[in-house]
Structure formats: C-alpha cells, structure tokens
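Residue numbering restarts at 1 for every chain, and letters A, B, ... go by the order of the sequence lines. It should be emphasised that the depicted structure is a prediction, and the values quoted were computed from it without experimental measurement. Basis for what follows: all heavy atoms, side chains included, without hydrogens, waters or symmetry-related copies.
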Amino acid sequence: MTQIAEVVVDVPTMQTNTPYSYEIPAALVNQLQPGMRVVVPFGNGGRKVQGFVWQINEDAKPNPEVTLKSIDTVMDPAPIVNTELMQLSKWLANTTYAFTITCLQTMLPNALKAKYQKWVSPTAQLPETIRVSLFGDQSELLWDDSLPADTVKQLLSLNRQHLINVRYEVSSKSQVKKVMMVKPALSPEKLSVVRTELRKTAVKQAALIDFLIANSKAISQTELERTVGVSSSILKTAETNGWLTRQAVEVYRDPFQTAVVKTKPLQLNPDQNKAVNAICAATDEGQARNFLLEGVTGSGKTEVYLQAIANALSKGEQALMLVPEISLTPQIVGRVRGRFGEKVAVLHSGLSGGERFDEWRRIQRGEAQVVVGARSAVFAPLTNLGVIVVDEEHESSYKQDDNPRYHARDVALWRGRYHQCPVVLGSATPSLESRARAEKNVYTRLLLPNRVNHQQLPQVSIIDMTEELRHHKESNFSSGLLQALQERLNRGEQSLLMLNRRGYSSFVMCRDCGFVLQCPNCDISLTLHMDTKTMKCHYCGHEEPIPHVCPNCHGRHIRYYGTGTQKVEQELTELLPTARIIRMDVDTTRRKGAHERLLKQFGDHKADILLGTQMIAKGLDFPDVTLVGVLNADTALGLPDFRASERTFQLLTQVSGRAGRAEKPGQVFIQTYNPEHYAIQLAKTQNYEQFFVREMQLRHRGNYPPYFFAVKVTASDVDERKAAEAMVKIVRQLKTVLSPQAIILGPTPGAIARVNKRYYYQLVIKYKQEPQLRDALFTILGQAQKQSRNGLQIAIDRNPMSFM
DNA sequence: AGCACGCCGACT
DNA sequence: GTCGGCGTGCTC
C-alpha cells in the first residue's frame, strides 16, 4: 500500500494547472498533511520545484501507466494553508480565471514564495584548466542570469557532456528575525573577582563587567553595545572567557512605531445602536448575514464596526476589518489598536516583507484576534471569525488589477459564508452593485442618516467655470473660491483643495505647430514634472528633458498646458502670497512615510491649505478644515466608462464630507464645466438615494452592471496585428457558445492603445446567464498559453471595474 | 517556467 | 560533416 500525495506545483501555466501525484517516502508517511509546502522533482531534467500538498490518498491504486516520482523534502513542520484557504483558493481560481498556484501564492505573504537557485559543481572528469577558470578555488558556482552569456554557453555545453553536476535548490524567502541576547554567565560575586584580575589598561572590559554585575537580566547585544560603549569583539572575548552567554532569540519585527492610547467605547445614538444590535445578533447566532451599512461621513460608522468587533471578541471569536489602502492611515489603525491593544495585527503595503511575514505569523499562531488591513488582508489566516467588516466597500482599490483579479469584497462574503458570520459592508456612497443587492434583500440595509453631534451638512456651491471664464482671465480659481480661501486665511481656519487628476495633467505643446510630446513606448502624452525638470510617462516611467525647441517644427514657442498640482500651487502662491501650502501628490508622497508626515504637518497647523489629488479625499479627519474646494470636478465624467458618473458622485460626496466636522460649519466649492450634470447636482445635496435611482435607470437602459454581468478580455502583443487578430479569433470562438442575449462590445483598441511598447485590444461581454462561457474562456486561456511564447498575452477580467 | 528533443543554417 | 541556433512538447 503506497500513499500518494496530490501536489499543486509552482509552475503557473494552464497545462500544469492540476495536481500532480507523488509517492510519499516512508519517512514522511505520517508527517505530511495537506497545506504543507514540499519540494518535488518536476520535468525530465533534474529540476526541483516548490509545491503545495493538495490532498493525500491513503490507499490509492497507482496508475500503472505512469511511474510516480517521490516527494523530495517537506518545507513546513505544519500546514501553512488551512482547509478553509485551500477551498478558497479553488473557488478563487475558478471565478477569476487564474491558476490555483497563483491563488495560493496570493493568499500568503511574499516571504513564503519559493526562491530557486541553481548550483554547478565540477565532476572528476572536468579538465583541470576549465575547472580553475570557472570555479577558481570554489567548489560550487551559482548559475543565475548574472553570469555572462558566454559562460552560460560554456556551462550548457559542459552539462551536455556530463562534465559538470547541477544542483537545484529550493528555499523559502522567509527569514525569521533573530536577536542576539546576552546574559551574565557568572554570579555578581564571581564577576567581581574577575574584575579585580583585569589589567588596569582593560578599561572596556572593566566597564562591561561592571554592567554585568549590575544587570543580571538578558539584554540584546546591540543595546548592550550602545549603553556600555563596547564593540562586538570585546563581547566575543567575554564569551570565550566564560563571563557571559550569547543566544539567538526569535523576535517579531514591530511595525507599530507609536504607543497605543487606550480608548473606551463611545455612547451610541439610536441608529448606531440599532446597527450594532443587528450585527451582534448575527454574530451571536452564527448567521452568515450580510449588512450594508450606509452612513454619511461623520455618522459614526467606525464606532459601529468597533463595537461589533468587541462583541465578537467577547464571544471568543475573531474579527477582520478591511480598509482601502489609501485610508489605512495611522489615525484608523490607532483607533482600532486603542480599543483592542495587542490583539490587533495590521497588514498593509507599507510594511517590509519581513514585518508583513511576522504579522502574518502572529495571526496564524492565534496571537492576534483582530486584523486590520488593505485588500490582501482578506486572506488573513484567522480560523474563528465572528465578524468581517469591509469599510468604504465601493472603493475600486479592493479589486486587484493583476492575476488573480479578485475583489476583496467578494472574498469577504465567501469567508462570511464559510465561518457562518456576518459581513458588514460600509459606505457613504455604496457601489450600485451592493445597493441593488440590498434592494433585493440579499443584504440587510442599516442606515446612519445623521452625523454624530447633529452637525449640519456643509453648504455646497457649484461654480460654472464656463461662465467664470467669460468674465475673468483664465485661472484655476473662480472668484468665489478665491474669496472663500482668503476668508479662511483671515480667520486662521484651514482649507482642502482637490485636483481631480484622472485623465488630466500638464503637458507641453508647441504653439506654432500644435505638436505634443509623446512617450516613445506608450500612446500617451508625457507629463511635465517641474520638481525634476523632466517630462515623464505615467505608464512606463519613461523620462526625458523638457524640450526648449519643438522637435517637430524646430520652433521656440513651447507652452505648458493643462493643470498639474505643481502649476496650481504656483498660481496659488501668486494669488495668496501669505498662504502656507502643503502639496500632496504622487511626487511628494513617493518616499515611505511621506504621506503621514505631510498629513501630520497639516494636522499640526503648519499650513493653511492642503492641495492634493484624490488621496486627500479619503479618511482624513481635520477638525479645523472649514472649506473644501474641488478645482475640476468633471474630468472623470468625460471618460467613456459606465462607472464615470458613479465615481464622480462618490468622490464629490466624499470630499465634501471633509468640511466642517467640528462645531464650525463647512463650506464646499465645486468648480465644473458641467454644472447641470446629475452626478454633480446630486452630490451637491448629498442625495445618494436619488443618484442611485437615476443611475440604475441608465444602467438598465444600457444593459450595464448590476443588471448584466460583464467579462473583459484583453489581448496584447508587441505586434499590433497579432493582438488584433487574436481578438477577432476569440470573438468568433465566443459567438459559437454565447446565447443571442449576450452582448459583445468590441473588439476595440485599448483606451491607451500602446503601453510599454505593447499594443492592447479588448472586448467586453455583457450577459445575464451563459452556462458555457466559463469553460469557453478557460479554453481560450489554454490556447493562448501556447502562443504566449511568441509574446501574445491574454487577460480575462470578470466583473471589471471599468470597460476602458 | 524551464528542460530536452529535434530539425535547419554556418562554420572547422 | 558537426555545432548550436531556436521552435515544440511535456512535466506525476
């Protein structure tokens, strides 16, 4: 009787997207469990790959057709993927058209990904001269892409002649951080004796021994070196002399720099109370109920989350809270940690690989009961969930834009079902999908209609910029907004200014011939960056100097157009010379921690005006901001995408909520060229319900989500014709399986036809029910794989965030 | 992905 | 005549 392990190997292709059978060696028979990582031989070379044990067949009858290979080694003492996450990975792979292995890797911290190394060593037959020239006095040589091409050729040839050996090494990227701890090995009395026997000149040693006499507790080596002022060589001598012992101790890297300030639950208003009770009831009864918590900014959603989480914890269960990356600020983390202290683990992109891995291990070992994090935290290995929260559920950053193209909200709902616990989706402006589901009672709607402390909503003014242009000279600031800014300056209050960056940035154009500088790799204009004095491509990173002479007509009349944050800042300094301005955009926040630093400066009143892009609209809470200005509300409206209105409405509503959160009333100015547009008019009154009704009618008429499902298929290739041809073939293939009710849009060139020297073509399928579509798309993916060697790439995006 | 096998052009 | 270029198929 042989035991057979089904292993999912780390080879992300369509053809290998199935478990492979391996014999379990006798030594591992009772040790191996599903969810462990193993090293297995794969392929006809001596190649070794990492794999995940998927299943173990106790007494399988081996297929006589194939002789099984045997598992090499086990990489984990215990499974690192539990049963739930194994099932989840299968579901993910099926719904997102991704490979199982890719899904497994996505769920785990990067530190657990395999690291592959190839080592070569000489055989006895290898001529001495070659051995010396290749290996010198080393016994092994690392074979990677850093080797010169001719060395690789030589190695390849020697390998064919069996003159060298190749060893494949698979290891984990993970490293457990260890700290060297130092402790006296002798009693203070004995150390005093040692002290007297030292030579007079041994000042450092004397200092060290004095310290050891006074402190018998273990101390980290670095700290000891710093406090006593001794070097590591002195410590080594001390160790050999038997005065002290050194031991490496495993530690967690601590991602929290700030201390926790304990907070107490706040008094709830009746609406909050109702919401908390409903969620708690579901937790208590173990019901997988889903809630849509609708509440304007300042209505106290976070307090509802925190009390629902507290209830789950009191029942001995755990909680998961997802927050969009951009609003995962120290403010939010601090609030959760303030309530739940050491029980909280945080997962976000600001952590280093090691910190992330350590937080993950704390969760996996059951040392953290509450997890707060961005998109990928939805895979946190909590085993006893009592409640899941998805804050700002409408945020598009919950959708991952490469494989697997999952939506964290969908994963959260899946896990809620698995754990039989409630999922709370919170937003001031829910996605149409979620709001529509609430309409059909798939979700239970919970409303927080009032701001806490009965604050009034800010007064919103819409400014018609076409009108404004007729009376004044060209400017980014209407006279109304400028006057309001001046008033804030006089009163010592703060203002937020948002520049809607999407599809709108500064470029240079020749006034003589109209030439616009384009990226050589992508079909897009280069953007002007004054800080580095260069032109940059936002898609591929290409950079070149600002031209002084037109490359086309050689004229000298180059002019800057459009509006970037830098240009606005410049104009603002001219208009309001006394104003202190902080600019926040991709350029000023690129460095780690810069984002937080700028926000703190603003919070500390080091500036009067915070000028920025979308990133200033989310999750900020500055009590002294009484004015919010949106400089260009409608740049997103012009985009040919079915979600353009929804995005604009959400953004305007959200940024308006930033004004006047304290006792001081807030004021909002929205500058636009489309003052009559419903998304803008309804954002003015914060009328989500009416926007929902209106937008749903349009979606219905256009057969858009949530009335129809959608799948976007993209083909890309360096050769434009190949991408287009592939697309045409796919359409033909799909038409044979699709019902007449399905609607195919395209194929069309991508919104930016060329990115990074690759041409993009795409196609959107809108459908209600197409039982054959899934299989057909998997088939297409399989066929595409065969061509991928020639550079053709196919991407399938189910429920895309946009059709562009 | 990455390895071996197999078929064609440019050399010793 | 062989070496090594890359196109093709397969991996328990």
Side-chain angles (χ1 to χ4, degrees), chain A residues 1-25 28-29 32 34 36-74 93 98-106 113-120 130 142-171 173 402-404 717-719 722 781-795:
Chain A
M1 179 190 94
T2 31
Q3 280 202 1
I4 290 176
E6 306 275 295
V7 175
V8 176
V9 293
D10 183 14
V11 182
T13 65
M14 201 69 229
Q15 300 108 71
T16 52
N17 190 25
T18 174
Y20 283 72
S21 306
Y22 285 88
E23 198 179 294
I24 303 176
L28 297 179
V29 161
L32 211 61
M36 287 177 172
R37 291 173 307 156
V38 288
V39 176
V40 292
F42 195 70
N44 42 9
R47 186 153 85 114
K48 301 278 194 328
V49 299
Q50 190 187 71
F52 288 83
V53 178
W54 190 248
Q55 206 185 319
I56 289 174
N57 298 332
E58 289 295 342
D59 42 9
K61 36 185 189 316
N63 182 352
E65 309 269 305
V66 280
T67 43
L68 296 188
K69 287 184 179 173
S70 198
I71 288 181
D72 230 60
T73 51
V74 190
F99 309 125
T100 312
I101 189 67
T102 317
C103 294
L104 284 166
Q105 315 252 42
T106 305
K113 260 205 197 151
K115 190 173 100 187
Y116 295 103
Q117 281 187 327
K118 222 162 91 175
W119 294 90
V120 256
I130 301 180
L142 181 63
W143 183 347
D144 63 12
D145 358 317
S146 69
L147 290 180
D150 45 344
T151 312
V152 172
K153 269 182 205 163
Q154 192 185 6
L155 287 174
L156 241 24
S157 157
L158 291 172
N159 194 25
R160 264 193 302 274
Q161 301 165 61
H162 304 287
L163 291 173
I164 51 171
N165 293 317
V166 181
R167 183 173 67 87
Y168 294 81
E169 191 180 276
V170 183
S171 57
K173 278 187 190 150
D402 45 46
N403 288 330
D717 198 296
V718 280
D719 182 350
K722 274 192 194 155
L781 216 49
Q783 292 163 345
Q785 192 106 86
K786 287 177 188 136
Q787 292 176 65
S788 66
R789 270 217 193 63
N790 313 323
L792 181 77
Q793 282 171 20
I794 303 285

Original post:
How close or far is atom P of C:dC12 from atom CZ of A:F52, stated in whole angstroms?
Top reply: 19 Å
Original post:
Tell me: CG of A:D72 to P of C:dC12, nearest whole Å?
Top reply: 12 Å
Original post:
Contact class for A:P41 vs. all strands (heavy atom < 4.0 Å): base, sugar-phosphate, or nothing?
Top reply: sugar-phosphate
Subject >> Separation of atom OH in A:Y22 from atom P in C:dC12, rounded to whole Å >> reply: 5 Å
Original post:
How many Å lie between CE on A:M14 and P on B:dA1, as a whole number?
Top reply: 14 Å
May I have the list of side-chain donor-acceptor pairs in residues 145-155 of chain A shorter than 3.5 Å, sequence neighbours left out?
from, atom 1, to, atom 2, distance (Å)
A:S146, OG, A:D144, OD1, 2.5

**OP:** Using the test side chain to side chain donor-acceptor pair (under 3.5 Å), find all partners of A:T102 that sit at least two apart in sequence or belong to another chain.
**Re:** none
Subject >> Min side-chain heavy-atom separation A:L28-A:M36 under 4.5 Å >> reply: no
**OP:** Rounded to the nearest angstrom, tell me the gap between atom CG in A:N17 and atom P in B:dA1.
**Re:** 13 Å
**OP:** Would you mind classifying the nucleic acid contact of A:Q15 as base, sugar-phosphate or nothing, using non-hydrogen atoms under 4.0 angstrom?
**Re:** base
Original post:
Are the side chains of A:V9 and A:I101 in touch, meaning some heavy atoms are under 4.5 Å apart?
Top reply: no
Original post:
Expressed in angstrom and rounded to an integer, what is the separation of A:D10 atom CG from C:dC12 atom C1'?
Top reply: 16 Å
Original post:
Who are the ring pair (Phe, Tyr, Trp, His ring centres under 6.0 Å) partners of A:F42, not counting sequence neighbours?
Top reply: A:Y20
**OP:** Taking side chain to side chain donor-acceptor pair (under 3.5 Å) as the test, write out the residues that go with A:D72, two or more places apart.
**Re:** none
Original post:
Of all the choices, C:dG4, C:dG5, C:dT11, which nucleotide is nearest to the side chain of A:K153 once you look at every atom?
Top reply: C:dG5
**OP:** Please state how far atom NZ in A:K115 lies from atom C1' in B:dA1, giving the value in whole angstrom units.
**Re:** 19 Å
Subject >> Any residue meeting side chain to side chain donor-acceptor pair (under 3.5 Å) with A:Q15, in chain and number order, not counting sequence neighbours >> reply: none
Original post:
In B/S/- notation, 5' to 3', how is nucleotides 3-12 of chain B contacted by protein heavy atoms closer than 4.0 Å?
Top reply: BS--------
Original post:
In whole Å, what is the span from the CD atom of A:E6 to the P atom of C:dC12?
Top reply: 13 Å
